[in-house]
Amino acid sequence: MELLAIMTGTDKNTPSPFHAQLLKADSGVYLGQSATGWMSNPLKVTYFKLQLEKGIVGKRPTVINVDGHDSNMNNPELHELCAANKVLLVVPPSHTSA
């Protein structure tokens, strides 16, 4: 999967020129913004859809190890996308993932 860098801001803010190198099409890095600078449910779904569009996931059954963050656990839209594309999100017990 490709990298997602999240910065604090809203969709009305333009990313800083210092982050411009992340926006190059071939960089393999996506730049996301959230009001808190943390992952949100809509941001997680958008990122997952980008992975589907690029064919990184969704071509064959896939298992992805995730943490117990709310954007993974309480995100019905993400769960529907995963089920439709043969992706299983596995959440190991706390303090056991690397």
Side-chain angles (χ1 to χ4, degrees):
M1 296 184 81
E2 295 184 334
L3 179 67
L4 172 65
I6 304 171
M7 55 185 269
T8 304
T10 65
D11 57 359
K12 296 176 181 144
N13 293 349
T14 303
S16 163
F18 295 110
H19 299 104
Q21 70 273 13
L22 297 175
L23 302 176
K24 293 186 338 189
D26 61 347
S27 70
V29 177
Y30 298 107
L31 181 60
Q33 291 185 164
S34 73
T36 62
W38 294 92
M39 181 61 77
S40 65
N41 286 10
L43 191 54
K44 176 68 69 110
V45 168
T46 300
Y47 174 65
F48 190 78
K49 286 179 180 177
L50 289 169
Q51 303 305 303
L52 287 171
E53 288 172 10
K54 287 194 157 218
I56 295 170
V57 295
K59 288 183 179 179
R60 58 185 178 176
T62 305
V63 176
I64 300 176
N65 184 15
V66 297
D67 62 12
H69 190 266
D70 191 61
S71 65
N72 296 318
M73 302 298 292
N74 299 315
N75 194 339
E77 188 176 358
L78 177 65
H79 297 168
E80 289 173 17
L81 279 170
C82 287
N85 291 282
K86 300 177 186 164
V87 174
L88 176 64
L89 298 179
V90 174
V91 183
S94 296
H95 309 291
T96 61
S97 62

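What you see below is based on every heavy atom in this structure, not just the backbone, and it leaves out hydrogens, waters and symmetry mates.
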**Student:** State, yes or no, whether a side-chain contact exists between Trp38 and Ser71 at a heavy-atom distance under 4.5 Å.
**Tutor:**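 No; the side chains remain at least 4.5 Å from each other.
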**Student:** Less than 3.5 Å apart, any donor N or O on the side chain of Asn75 or Lys44 sitting next to an acceptor on the other?
**Tutor:**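 No, because no side-chain N or O of Asn75 sits under 3.5 Å from a partner of the opposite role on Lys44.
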**Student:** What are the two closest non-hydrogen atoms of His69 and Met39, and how far apart are they?
**Tutor:**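 Nearest pair, atom of His69 first, then Met39: CE1-O, 3.4 Å.
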**Student:** Rounded to the nearest 0.5 Å, what separates atom OH in Tyr47 from atom CG in Leu52?
**Tutor:**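 Reported value, rounded in 0.5 Å steps: 11.0 Å.
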**Student:** Picking from Val91, Asp67, Leu78, Leu89, what satisfies side chain to side chain contact (heavy atoms under 4.5 Å, CB included) with Met73?
**Tutor:**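 Going through Val91, Asp67, Leu78, Leu89 one by one, the side chain to side chain contact (heavy atoms under 4.5 Å, CB included) with Met73 is satisfied by Val91 alone.
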**Student:** Going through the distances and angles, do Ile64 and Thr62 end up as a side chain to side chain contact (heavy atoms under 4.5 Å, CB included)?
**Tutor:** CA-CA 7 Å; Ile64 300 176; Thr62 305; 4.0 Å; yes
**Student:** Give a yes or no answer on whether the side chain of Asn85 reaches the backbone of Leu81 with a donor-acceptor pair at less than 3.5 Å.
**Tutor:**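 Answer holds: yes.
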**Student:** Do Glu77 and Lys49 have side chains that get closer than 4.5 Å, going by heavy atoms?
**Tutor:**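 SC-SC contact between Glu77 and Lys49 confirmed.
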**Student:** Could you pull out the closest heavy-atom pair between Asn65 and Pro92, with the gap in Å?
**Tutor:**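 Smallest heavy-atom distance, with atoms named: OD1-CD, 3.0 Å.
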